[in-house]
Asker: 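Before I ask anything, here is the structure I am working with.
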Amino acid sequence: MSRWHELTGGTSGHDYAARFAALARGGADVHGEARFCAALVPAGARVLDAGCGTGRVMIRLAELGYDCVGVDLDASMLAVARQQAPGLAWHQADLAGFEPRRLGIAADFDLVVAAGNIFPLLAAGTEATVVTRLASALRPGGLLVAGFGLDEAHLPVPPGITLAEYDDCCAAAGLTLTDRFATWDADPYDGGGYAVSVHRRRTLRQP
């Protein structure tokens with residue numbers, strides 16, 4: 001069982017969406033993740049939202065002209081996403097067992113984004129497997145972007161994976177760190193309790 005399911009029971013979709021809707025009504029910027037991704041790849045690029053939840057990030061990216069696919073295990077979150085954007089591609093799947101082609105999805109994404117503390121909320125011990133699954137969905141040269149908390153101040157659960165462990169998982173999956181920031185607004189990372197990491201899938205060597 002994932003830490004997310006232990007935390008929510010898999011029934012928090014409407015409450016989660018309502019919280020962000022209230023933030024937006026109050027003038028808060030709720031599109032930082034989408035804006036960050038849009039600065040990395042051009043409109044029209046294929047984007048996988050891994051752990052898409054209620055679709056906040058993916059729906060905004062689709063509005064900006066990206067070809068998006070969302071994957072999440074939580075049915076309550078996906079129900080909200082499908083209600084808000086029925087024309088987009090939403091799939092229910094465990095990221096630890098994610099195989100794009102089994103879902104009829106081409107594994108040639110330009111960018112995979114894992115926002116919303118995806119990695120700390122996975123089932124313990126599955127982090128390396130998930131990184132490998134997501135890396136395999138990227139085209140050579142594609143980007144994996146993940147933002148997650150590293151301490152109790154930035155997480156709803158006890159801290160799990162460290163940045164060093166995450167980087168090791170990425171390296172084992174054929175990914176190279178290209179940038180790291182403290183926020184989705186691309187503030188410089190200074191060792192704080194939240195990090196946004198950008199890794200690139202290594203290109204195949206030419207003969």
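Residues take their numbers from the sequence shown, with the count starting at 1.
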Asker: Can you check whether F181 reaches Y194 side chain to side chain, under 4.5 Å on heavy atoms?
Answerer: no
Asker: Do V145 and W184 touch side chain to side chain, with heavy atoms closer than 4.5 Å?
Answerer: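 Contact flag for V145/W184 side chains = yes.
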Asker: When you compare the side chains of R200 and T178, does any donor N or O come within less than 3.5 Å of an acceptor on the partner?
Answerer: no
Asker: Could you check whether any side-chain heavy atom of L143 comes within less than 4.5 Å of a side-chain heavy atom of V112, counting everything from C-beta outward?
Answerer: no
Asker: Heavy atoms, side chains only, cut-off 4.5 Å: are F119 and V130 in contact?
Answerer: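 With C-beta onward as the side chain, the pair touches.
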Asker: Under a 3.5 Å cutoff, is there a donor and acceptor pairing between the side chains of D179 and H199?
Answerer: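 The criterion, which ignores hydrogens and geometry beyond distance, is not satisfied for H199 and D179.
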Asker: Report yes if some heavy atom in the side chain of H14 is under 4.5 Å from a heavy atom in the side chain of S76; otherwise report no.
Answerer: no
Asker: Under a 4.5 Å cut-off applied to non-hydrogen side-chain atoms, are L78 and C52 in contact?
Answerer: yes
Asker: Are L111 and F36 connected in a single hydrophobic cluster, I mean Ile/Leu/Val/Met/Phe/Trp/Tyr linked by side-chain heavy atoms less than 4.5 Å apart?
Answerer: yes
Asker: Check the pair V71, F98 against side chain to side chain contact (heavy atoms under 4.5 Å, CB included), reporting the backbone distance first and the verdict last.
Answerer: CA-CA 9 Å; V71 177; F98 177 54; 3.8 Å; yes
Asker: Which is it for L144 and R201 under the side chain to side chain contact (heavy atoms under 4.5 Å, CB included) test, yes or no, and what are the steps along the way?
Answerer: CA-CA 8 Å; L144 172 61; R201 183 177 177 183; over 6 Å; no
Asker: Give a yes or no answer on whether the side chain of D151 reaches the backbone of H154 with a donor-acceptor pair at less than 3.5 Å.
Answerer: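 Yes, the answer is positive, given that a donor and an acceptor are paired below the 3.5 Å cut-off.
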Asker: Taking NZ, NE, NH1 and NH2 as the nitrogens, is one of them in E127 or R133 under 4.0 Å from a carboxylate oxygen of the other?
Answerer: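 Salt bridge absent between E127 and R133.
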Asker: Once salt bridge (charged side-chain N to carboxylate O under 4.0 Å, His left out) is applied, what residue pairs with a partner in residues 35-60 remain, sequence neighbours excluded?
Answerer: D29-R35, E33-R56, R35-D185, R46-D67, R46-D108, R60-E63
Asker: Answer with yes or no whether the hydrophobic clustering places L138 together with I105; edges join I, L, V, M, F, W, Y residues whose side-chain heavy atoms lie under 4.5 Å apart.
Answerer: yes
Asker: Looking only at side-chain N and O atoms, does T176 offer a donor or acceptor that is under 3.5 Å from a partner on R202?
Answerer: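 The answer is yes; a qualifying pair exists.
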Asker: Would a 4.5 Å heavy-atom cut-off, applied to side chains only, mark C68 and L88 as touching?
Answerer: no
Asker: Would you please name every residue forming a side chain to side chain contact (heavy atoms under 4.5 Å, CB included) with A81, sequence neighbours left out?
Answerer: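 Checked A81 against side chain to side chain contact (heavy atoms under 4.5 Å, CB included); matches are W90.
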Asker: Taking C-beta and beyond as the side chain, do F148 and L163 meet within less than 4.5 Å on heavy atoms?
Answerer: yes
Asker: With clusters defined by side-chain heavy atoms of hydrophobic residues (ILVMFWY) lying less than 4.5 Å apart, directly or transitively, does L48 cluster with V131?
Answerer: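 Cluster IDs for V131 and L48 match.
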Asker: I'd like to know if I161 and L121 are part of one continuous hydrophobic network [Ile/Leu/Val/Met/Phe/Trp/Tyr, side-chain heavy atoms within less than 4.5 Å].
Answerer: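 No, separate clusters.
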Asker: Are L95 and Y166 connected in the hydrophobic side-chain network, where two residues link if heavy atoms are under 4.5 Å apart?
Answerer: yes
Asker: Should the heavy atoms of other residues, nucleotides or ligands under 6.0 Å from CD of Q92 be counted, would the total exceed 12?
Answerer: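 Counting other residues, nucleotides and ligands, CD of Q92 exceeds 12 neighbours.
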